Amino acid sequence: MDILARIQAASITAPCLAPQHHHKHLQQLCFPMSTGHHFSCFYMHQNHFPVAMPGHPCRIPSGSIRCQSGAVEAPEMQDVKFSKSMLSFDMGKDRLSKVPASQIRNFSIIAHIDHGKSTLADKLLQVTGTVSDREMKEQFLDNMDLERERGITIKLQAARMRYVAKDGEPYCLNLIDTPGHVDFSYEVSRSLAACEGALLVVDASQGVEAQTLANVYLALENNLEIIPVLNKIDLPGADPERVRNEIEEIVGLDCSEAIFCSAKEEGIGIQEILESIVAKVPPPKDTSMNPLRALIFDSYYDPYRGVIVYFRVVDGSIKIHDKIQFMASGKEYEVDELGVLSPGQMQVNELFAGEVGYLAASIRSVADARVGDTITSSANKAGMALSGYQEAVPMVFCGLFPVDADQFGELREALEKLQLNDAALKYEPESSSAMGFGFRCGFLGLLHMEIVQERLEREYGLNLITTAPSVVYRVQCADNTVVECSNPCELPEPGKRVWIEEPFVNIEMITPKEYIGTLMELAQERRGEFKEMKYITESRASVIYILPLAEMVGDFFDQLKSRSKGYASMEYSLSGYRKSDLVRLDILINGEPMDPLAAIVHKDKAFAVGRALTQKLKELIPRQMFKIPIQAAIGTRVIASESISAMRKDVLAKCYGGDISRKKKLLKKQAEGKKRMKSVGRVEVPQDAFMAVLRLEKEVV
Amino acid sequence: MRTCFIEISYQVRTNTVSLKYADKRHPCWPFQTGCPTSGFLNLQKRRIVAFSCSCQRPGGEAEKHKQPLRLRTDDVFPGNNELHAQRLERSNANVHNSFVSAIGPNGGRDEQTVAGLHNDDVHAGNGLPTSAYVHLPFCKRRCFYCDFAIVAIGQRNDANSTNIDSTMGSYVTTLCKEITSTLSQLPQASPLKTLFFGGGTPSLLPPQYLSRIVDTLDQHCGFQCDAEISMEMDPGTFDKQTLKQFLGLGVNRVSLGVQSFNEDFLKACGRSHGLQDVYEALDIITGLNVSNWSLDLISSLPHQTLEHWEECLREAIGLSPAHVSVYDLQIEEGTKFGVWYKPGHHPLPDEDKSASFYRLASSLLREAGYEHYEISNYAKPGFQCRHNMVYWKNQPYYGFGLGATSYFNGKRFSRPRKLKGYADFVELCINQSSDNFSANEEYLSFYSNTVESVEDRVCDTIMLSLRLASGLNLNELSKNFGHELRVHICKSFLPFINSGHAVAVDSKFKTVPPDTFSTALSEQSASKVLKDVIFIRLTDPDGFLLSNEIISSLFTDLPIK
């Protein structure tokens, strides 16, 4: 009792100092201190149990307790009455200690946005003492501001926890967090591939959503053991029985042992979840004697240490200072730093098959250590890389232009920096007469695009104009070549092309039945082709359409949400290319084509789009000194036309009593306004007119 | 000896005056450049020792000037009592008029103005002002469109007369203090060429108060003998006796605020006078033989139609004023109109309609023999407002009184617009002149942020000169700001010259065809050809109507950040 109390007191100054609970085991004294302290944790490889080596005094902040290895016998747990928080505190402190592969459980959490994944993850960290109550920030795993704000996970991370199960054995649980959006389905699939099991978290009042399904299928593809968890059971609207049936019906998963839980506040069912992970998720195979193969499931760029790679050791082991090779990129590096995530980075010297950790090796760009790549040892190379590696293929493109032309350099630097951290982001310089210099960027999907734009504006202080997003078209040319094209301006001349193909997606919408009609209407408007509809329960249905991706990159998702009052959810996957009757629609101002407004649209829609855009421009472009025709044209054929009549009067009459300063102020303001305009030929188009038309284009195209 | 034929300008730097003949009969008139008549004289304590014209040009009455010409200081510096008395005597309207005609009613100078070849314009910009604006803020009531610095005093009656007099009296006292403190700080104030009493309604001020102001100015800087002294007057605020007294004080130009010849519009504007007052005021003015009078009109009033406007213009032309100002109604924030109306929306005329008002005024007034010499001003030959020309030509001027702006020593300064603030400001000025250190600091901070930058000066030059029919003088521009700017500005003008909104004029006052101009610009020899282009002016009415658009485009193009 005394000892425990003293240790707890000491933990204030030496949070890493803790005794082993099981008196039979040796004491482990030292854990990594706060960043910058020398790391000294030693263990015996043979039994994976930690031990402090004699002769290596541990560095502990002065004033804290110094225990000699094995000198203190911790009392039996059962003998001591201690609070829950003390229990978790003690448990968490040993989370770096090694356990045999058979006591490792790697799992992730699958959930729809808002179904409580992050809250549950937080609770697990708290209960296992990985994060103290004091350290607990809400949604610990989502550490980008943007993620926190949107309540979604963009970049995944991992957390190693120690849990002493009811069988009395300590288990090492690795939670691998997954991004929650379909744009990142490849990243999701890689983190699932790093696990043996997954918690399927479903909101007990909402039921299964489209996104949940997509990720469940990914998990099943990766042969994961799935543990159904019904969350938020204490909410007034919760109907766990109905949702349990729903899961059984839709996913075909046995839910008889589904866990009822509420991750908020008290944490109902958390212990059951932990026990269930230990019992059901299979342990990793102990293949630590094989040549090293480790799967990268995430990486990010740190300006001081280079790329930090998150990985799961599949075979063999990895030691600090090892020479390693990334099998897809072929790049070789020496491991400078090795550690585990718990959830902060904590250094260790070696990691074995089944363990999850991170490394730093002065890697210059995430492109060298891409998600899905396999790490192997340079000295003892594995014969084959792990399967499933894919190059990132951008699906959605748009032009990004700085509002202020002087920011072009800054934009380039910002994109370079973002790319260090985001191998999926592609960009190349683009220039247009109206917009000046900018970049054409490729993204995994719409969310990815929005996130990049927002980060550029928020983190780099850039003010950007974005063109309407477009997809990659395949153009069959008359000379029998196929040209891929995402920029409407680069579309080959009509005479040179035989046909155009565009990417289509399979889209599944899950909706309460009252919105089926309106969502089908939406899909029809967007050139959707009806595939299938089935009722998943009495009140909810799944509707499947094949839809051109181009129709989805606009405001489809927003429309789906608003037309279903927020109840419907959707999921899509690329289904391939198909021929479509597409044309390039040009917008001409005073006879000059306005490149950024050019769009590839379906022939049937060209007229409506053309009319909407010309009308909007007429509204927004101020009168100038001459008449300005505004036209929408397909090739040389004008399909919609408006005109702005010439300015008649812009004169300040009075300049009273020689007070010219006011007049000058007005004229200078007017001149400032002109500087912010983009000139298209002789016509000056205000920046916000541009933005408004681009916004409109996103809606109507 | 006819002192009125000589113009004097004072050069602070060299402490000399230069004299120029303003006499048409002199062979050197009107181009004094290089003529030794404008040779410098030594000036010692305000005394001209001698003046001789060694001009050898033949012809005319040149012979007369071959002999050294001696002038007394008092002849050219009307600062002493003797001349003051003389001036007062002359203020009789008849004498005044004959005086004007004797020098060919400012004719010589005005022609030069159109040509823009006033050599002293530039010198004057660096020198001390010879113009002053005096603000007299009192009005019976505030008109619905007005956002000037005014003080509404209501209709004068027996009950409030004393109050009004004391308010005006204390304002005039403060005003005179400001004049005294400003002018007494200067090493040598030049006599005024122009003085403008603006308001407010200056004609509400009792003549004895105006006399105090004139006396104060006379005492500290004096007037040139042909000085233009303008006064704004509103119908219904003066009688024959009052105007006679104003004229006696030296006022020789009257600007009558008629605004409209339609009773309904006058009411709708919140004017304090009716149509009857207008005609009575006109009777008084013509009855006293004031020939140099101006008439103010406002166009684009609510509910105004082209027919109304034409009627109004024809009525004005019928009265044959020497000068007409036509202001397009501007809706200002904080005015009643600003609350009631939105520019371009009913009942205000839309852009097209108010443009047609402007065109109509321009064509009718020009037909009637008025020169459209400035965007909103028209004058019969020789009757341009010399005071306002000082503003357009970016020359320095004093500003005295509530909310008045001044421009000298390269600084523009606006005085406080509230009576209390203005009184405090004047206190500071006085303390400053008495070398009170702390107040001095404060005073300086008043001025410190108003020094005009080169960019400001370029902008001022462009925006002011383009208001004039004569346009922008490129020779002056390159002299003051360098040749590169000249070429740059010519390039900026090209689209407007091509579109017919501006024209280039050569040294022979001939229009340079747009083709020639644009070819010149695109060729290597640009500088040579451009040398011949002396002026660029806006066309009337197309260029004038879009002057803001054109000026702001020129600003946008300026190479200066």
Side-chain angles (χ1 to χ4, degrees), chain A residues 403-407 433-434 436 589-592 618-629 643-687 689, chain B residues 131 133 135 148-149 196 198-199 298-300 325-330 350-358 375-376 387-388 390-392 394 397 399 403-407 412 414 450 456 459-460 462-464 467 495-496 499 501 544-558:
Chain A
V403 168
D404 176 357
D406 297 343
Q407 283 194 329
S433 56
I589 294 182
N590 201 30
E592 294 262 347
K618 182 188 175 168
E619 246 172 65
L620 295 170
I621 297 178
R623 284 178 163 201
Q624 318 220 342
M625 296 182 65
F626 42 89
K627 186 179 165 186
I628 310 161
S643 80
I644 298 168
S645 54
M647 181 197 292
R648 297 295 161 82
K649 195 196 88 183
D650 184 13
V651 54
L652 283 173
K654 203 145 182 173
C655 183
Y656 194 79
D659 184 4
I660 70 157
S661 48
R662 225 165 111 190
K663 189 185 287 285
K664 187 162 68 179
K665 216 183 258 172
L666 278 169
L667 287 167
K668 281 192 162 177
K669 202 173 150 197
Q670 199 169 341
E672 273 311 305
K674 283 181 182 295
K675 279 183 191 163
R676 281 195 304 273
M677 294 203 192
K678 300 283 182 187
S679 49
V680 178
R682 289 160 66 209
V683 182
E684 284 163 336
V685 182
Q687 196 87 70
Chain B
S131 291
Y133 173 81
H135 192 70
F148 299 143
F196 195 100
I298 300 181
S299 66
S300 297
S325 295
V326 180
Y327 298 122
D328 187 64
L329 179 70
Q330 218 101 43
D350 62 18
E351 191 185 308
D352 293 7
K353 209 159 162 193
S354 88
S356 64
F357 291 168
Y358 188 89
I375 279 181
S376 42
H387 181 81
N388 282 336
V390 168
Y391 302 149
W392 313 135
N394 207 16
Y397 53 91
T405 60
S406 57
Y407 176 43
R412 292 192 186 275
S414 298
T450 53
D456 274 333
C459 288
D460 292 352
I462 293 173
M463 77 173 242
L464 294 171
R467 293 188 68 91
F496 305 118
S499 63
H501 292 96
F544 278 165
L545 266 170
L546 297 181
S547 55
N548 279 359
E549 175 69 18
I550 296 167
I551 292 167
S552 56
S553 293
L554 296 172
F555 282 7
T556 314
D557 279 355
L558 282 180

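The shown structure was predicted, so the numbers you read here are calculated from the model rather than taken from an experiment. Within every chain, numbering begins at 1; the chains are lettered A, B, ... in the order of the sequence lines, protein sequences first and strands thereafter. FYI, side chains are in, hydrogens and waters are out, and symmetry mates aren't considered; it's all heavy atoms of this structure.
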For a 4.5 angstrom cut-off between non-hydrogen side-chain atoms, does [X] reach [Y]?
X: B:Leu545; Y: A:Met647; result: no
X: B:Phe544; Y: A:Val651; result: no
X: B:Met463; Y: A:Lys668; result: no
X: B:Asp456; Y: A:Lys664; result: yes

* Asked: Listed by chain and number, what are the side chain to side chain donor-acceptor pair (under 3.5 Å) partners of B:Asn548, not counting sequence neighbours?
  -> A:Asp650
* Portion of B:Phe496 that has a non-hydrogen atom of chain A nearer than 4.5 angstrom -> side chain
* Asked: With a 4.5 angstrom heavy-atom cut-off, which part of B:His387 approaches chain A: side chain, backbone, both or neither?
  -> neither
* To do: Pick one of side chain, backbone, both or neither for A:Gln624, based on which atoms fall under 4.5 Å of a heavy atom in chain B.
  => neither
To the nearest 0.5 angstrom, please state how far the [atom1] atom of [X] sits from the [atom2] atom of [Y].
X: B:Ser552; Y: A:Lys669; atom1: OG; atom2: NZ; result: 12.5 Å
X: A:Leu667; Y: B:Ile462; atom1: CG; atom2: CD1; result: 10.5 Å
X: A:Ile660; Y: B:Tyr391; atom1: CD1; atom2: OH; result: 11.0 Å

* Out of B:Thr556, B:Asp460, B:Val390, which one racks up the most heavy-atom pairs below 4.5 Å with chain A? -> B:Thr556
* Verdict with supporting geometry, B:Glu549 and A:Gln670, side-chain contact (heavy atoms from CB on, under 4.5 Å) -> CA-CA 8 Å; B:Glu549 175 69 18; A:Gln670 199 169 341; 3.8 Å; yes
* Look at B:Asp352 together with A:Lys649 and state whether they make a salt bridge at an N to O cut-off of under 4.0 Å. => no
